Amino acid sequence: MKNILRGLNVYLIGMMGSGKSTIGKILAERLHYRFLDTDEMIEKISHKTINQIFAEEGEASFRKLESAILQEISAYIRTVIATGGGIILCQDNWSHLRDGMVIWLDAPINLLVERLADDNTRPLLHQEDLTIKLTKLRQQRESLYQQADIILPITDNDTPEDIVEKLLQEIPLHVKPEFNPELN
Ligand code: S3P
């Protein structure tokens with residue numbers, strides 16, 4: 001597996017609450033990769049929480065930071081990256097995501113609602129009914145998430161370890177030929 005990816009970064013995309021960070025950490029361990037989380041990096045660099053950035057500077061400013069962090073990370077190799085759910089919105093971000101393998105963790109709305117019911121760290125979810133807001137966001141973003149190399153539907157019963165096992169089986173099937181000379 002280590003050789004098949006040949007250092008290629010793995011980007012996890014998907015809605016808030018889909019498990020990108022939890023799954024990313026386990027996947028990184030299994031691949032002997034480093035793990036990074038764009039939201040965590042943004043908070044560290046700005047010395048503010050995501051809530052503070054949204055409240056004080058607005059979403060557009062957060063998106064700029066997100067793109068800048070992604071650009072920096074894209075120079076790394078051998079890294080699993082848990083991205084923020086909205087990273088797919090900016091077309092320019094795709095030029096970096098495309099340099100790696102992009103995986104959409106496609107979790108159903110009911111599971112997201114269950115996981116995010118008591119969360120207050122996501123500014124986009126503060127003002128509206130959770131199910132309605134998540135359904136709207138998913139509808140707006142679905143066609144972008146679908147541009148991933150691997151789409152992994154997640155069910156209520158999957159443990160993070162189950163999901164990582166599935167990914168480890170899928171990844172070799174989706175390595176682009178230019179990154180795997182054995183397939184040429
Ligand atoms: C966002 C998702 C969050 C965070 C910010 C905006 C979104 O990250 O980047 O609150 O637009 O979906 P997670 O997907 O890690 O929760």
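All of these numbers come straight from a predicted model, not from anything done at the bench. Ligands are counted one by one from 1 in listed order, and the atoms in each one are counted from 1 as well.
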Next on the checklist: Out of Glu66, Arg63, Met15, who is nearest to atom 6 (C) of ligand 1 when you count heavy atoms only?
Outcome noted: Arg63

Proximal atoms of ligand 1 relative to [X] (non-hydrogen, under 4.0 Å):
X: Gly84; value: 8 (O), 9 (O), 14 (O)
X: Lys20; value: 13 (P), 14 (O), 15 (O)
X: Ile50; value: 5 (C), 10 (O)
X: Pro123; value: 10 (O)
X: Leu124; value: 7 (C), 11 (O)

Region of [X] engaging ligand 1 - heavy atom pairs below 4.0 Å:
X: Arg138; result: neither
X: His126; result: neither
X: Asp37; result: neither

Checklist entry - Can you say whether the rings of Trp104 and Tyr145 are parallel (under 30°), tilted (30 to 60°) or perpendicular (over 60°)? => result parallel

Suppose we measure from [atom] to each protein heavy atom; which comes out shortest, and what is that distance?
atom: atom 16 (O) of ligand 1; value: Arg122 NE, 2.8 Å
atom: atom 9 (O) of ligand 1; value: Asp39 OD1, 2.7 Å
atom: atom 12 (O) of ligand 1; value: Arg141 NH1, 2.7 Å

Lys/Arg N to Asp/Glu carboxylate O, [X] vs [Y], below 4.0 Å:
X: Glu40; Y: Lys44; answer: no
X: Lys166; Y: Asp158; answer: yes
X: Lys48; Y: Glu56; answer: yes

Checklist entry - Looking only at atom types and distance, does a side-chain atom of Tyr11 sit under 3.5 Å from a main-chain N or O of Asp99, one as donor and one as acceptor? => result no

Checklist entry - Is there a donor-acceptor contact under 3.5 Å from the side chain of Asp119 to the main chain of Leu116? => result no

Checklist entry - Can you tell me how far CZ of Arg34 sits from CD1 of Ile73, rounded to the nearest 0.5 angstrom? => result 9.0 Å

Item to check | Pairwise distance CD1(Ile77) to CG(Asn9) - rounded to 0.5 angstrom | outcome: 8.0 Å

Item to check | Full working for side chain to side chain contact (heavy atoms under 4.5 Å, CB included) between Asp106 and Gln146 | outcome: CA-CA 9 Å; Asp106 181 16; Gln146 271 167 348; over 6 Å; no

Checklist entry - Just distances here: any N/O of Gly17 and N/O of ligand 1 closer than 3.5 Å? => result no

